[in-house]
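Working notes, structure below.
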Amino acid sequence: MTDEPLDGELVVSDPAALPAIATAAPARISELTTMWLSRQRSVHTRTAYRRDLWQWVDWCASTGRDPLTARAADLDAWIVEQRATGARGKPAAESTIARRLSAVASWYDYLVVNTAADPEPLIRYNPAQAAARPRIDPDDSSTVGLERPEADRLLAEARADSRTSHALLLLLLVAGLRVGSAISARVEDLGYDRGHRVLDLTVKGGRRRRIPLPPVLSHAIDEMLAERGTPAEGPLFLTQSGLRIYELYVHRLIRRLAGRAGLAAAGALSPHSLRHTAITEILDATNGDLRRAQDFAGHADPRTTRRYDRRRDQLDNHGAYLLAGRFSDTERT
């Protein structure tokens, strides 16, 4: 079973949905693929790896290729097609292509290592290692952020939509969380620590992290839970039908509310846009305090935080605005 794709991304919610691989040992492939996914501590990582592998295997099936006999040239052809048409006629970003190739390479490595001693190894080398991996500009990102008035308008629409929408978007903006951490939160993870209302979360890498909930956020969460009868346990965020909120749901929610709010970039927003906005706000509020922003974002590498710092003034201080005054009078004549 798969969820509807969004901008070329196909979210696979069932491991059995992976297209069949032409091989004489389907049970062995299934076993190893399941274990490869299970060894990832983060649910979000498992979902992303499964989705990316699905993209590769499905492309192989559609082009008559067998992933187990693929060569580097086959992966290069896949890369070229992603740049041209993506998954739904829209070119994929270089960062997306690089992420997919990294996941596929990890899968191949796992198959090579775990079948090398078999009488008939499933595969003897990793074709993804020799493929032409995209070079990613460390300062480049397609993520669209929000100005403060835009974030306020988005939150106003979320408040009018439902208590759940308001609490969820406020949590993403105030705590700067990755969407996977927010949607995996549970009611029993709420608590108190030295007078602070806190929420314990699973973050990137499977680590546990405790974040404080300022009064405005704590109140929004309490109102949401009170509407549900103040449950003592279970998922913190549920859809209107009572299911655990999932990532694609949050994508659609943000874009729907942004459209209602009349935001110009509504169609390009994502849950990461809210995290991007939160980190940028922290940098602005602390006059570029990278250490504090890194702690807030939970970045293991300070260079990741530096990307946000370099990007936050790129548009506002771009030289084009300086030159516009020089040529504006000419354009009016």
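Model, not experiment: these values are computed from the prediction.
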inquiry  = Tell me every residue that passes side chain to side chain contact (heavy atoms under 4.5 Å, CB included) with E188, counting only those two or more places apart in sequence or in another chain.
reply    =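 With sequence neighbours excluded, E188 shows a side chain to side chain contact (heavy atoms under 4.5 Å, CB included) to R186, E233, given in chain and number order.
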Report yes if the side chains of [X] and [Y] come closer than 4.5 Å at any heavy-atom pair, otherwise no.
X: D189; Y: T202; result: no
X: I254; Y: S270; result: no
X: L122; Y: N114; result: no
X: E94; Y: R83; result: yes
X: L32; Y: W107; result: no
X: D74; Y: T69; result: no
X: F237; Y: T164; result: yes
X: R39; Y: Y110; result: yes

Check whether any side-chain N or O of [X] sits under 3.5 Å from a backbone N or O of [Y] as a donor-acceptor pair, and report yes or no.
X: R178; Y: V203; value: no
X: T115; Y: D118; value: no
X: S218; Y: L213; value: no
X: T33; Y: S30; value: no
X: D289; Y: R291; value: yes
X: R46; Y: Q40; value: yes
X: S102; Y: A98; value: no
X: D58; Y: W54; value: no
X: R71; Y: P127; value: no
X: Y108; Y: P67; value: yes

task = Could you check whether the rings of Y249 and Y246 sit parallel, tilted or perpendicular, using 30° and 60° as the cut-offs?
result =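 It falls in the perpendicular class, over 60°.
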query = Taking the six-membered ring for Trp, are W36 and Y49 parallel (under 30°), tilted (30 to 60°) or perpendicular (over 60°)?
reply =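 The arrangement is parallel - the two ring planes meet at less than 30°.
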What heavy-atom pair brings [X] and [Y] nearest, and what distance separates the two atoms?
X: A220; Y: A167; value: O-CB, 3.8 Å
X: L173; Y: A278; value: O-CB, 3.1 Å
X: D52; Y: A103; value: CB-CB, 3.7 Å
X: V144; Y: A268; value: CG2-CB, 4.0 Å
X: R209; Y: D295; value: NH2-O, 2.8 Å
X: P214; Y: P212; value: CD-O, 3.4 Å

query = Would you say R292 has more than 12 foreign heavy atoms packed within less than 6.0 Å of its CZ?
reply =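 Counting other residues, nucleotides and ligands, CZ of R292 stays at 12 neighbours or fewer.
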message = Is it the case that over 12 heavy atoms from other parts of the model lie below 6.0 angstrom from the CZ atom of R148?
response =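 Result for CZ/R148: open.
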Decide whether [X] and [Y] are clustered together by the hydrophobic rule: side chain heavy atoms of Ile, Leu, Val, Met, Phe, Trp, Tyr closer than 4.5 Å, transitively.
X: L201; Y: V198; result: no
X: L37; Y: M35; result: yes
X: L238; Y: L177; result: no
X: V216; Y: L190; result: yes
X: V187; Y: L217; result: yes

Would you be so kind as to tabulate the donor-acceptor pairs closer than 3.5 Å made by side chains of residues 258-267, with sequence neighbours excluded?
{"residue": "R260", "atom": "NH1", "partner": "D161", "partner atom": "OD1", "Å": "3.3"}

query = Passes side-chain contact (heavy atoms from CB on, under 4.5 Å), W78 versus R100? Steps please.
reply = CA-CA 11 Å; W78 182 46; R100 289 173 181 165; 3.8 Å; yes
Nearest-0.5 Å distance, [atom1] of residue [X] to [atom2] of residue [Y]:
X: S162; Y: L253; atom1: OG; atom2: CG; value: 7.0 Å
X: F296; Y: I282; atom1: CZ; atom2: CD1; value: 4.5 Å
X: Q55; Y: Q82; atom1: CD; atom2: CD; value: 7.0 Å
X: L257; Y: H166; atom1: CG; atom2: NE2; value: 11.0 Å
X: L248; Y: I245; atom1: CG; atom2: CD1; value: 12.0 Å
X: L274; Y: L170; atom1: CG; atom2: CG; value: 10.0 Å

Candidate pair H251 and V179, rule side-chain contact (heavy atoms from CB on, under 4.5 Å), full reasoning = CA-CA 9 Å; H251 270 274; V179 65; 6.0 Å; no
inquiry  = For T239 and S241, which I'm curious about, is there any donor-acceptor pair between the side chains at under 3.5 Å?
reply    =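 Indeed, the side chains of T239 and S241 share at least one donor-acceptor pair under 3.5 Å.
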request  = Please lay out, stage by stage, how W56 and L101 fare under the test side-chain contact (heavy atoms from CB on, under 4.5 Å).
outcome  = CA-CA 9 Å; W56 164 240; L101 195 62; over 6 Å; no
task = Step by step, work out the salt bridge (Lys or Arg N to Asp or Glu O under 4.0 Å) result for E150 and R153.
result = CA-CA 5 Å; E150 293 177 320; R153 284 156 55 193; 5.5 Å; no
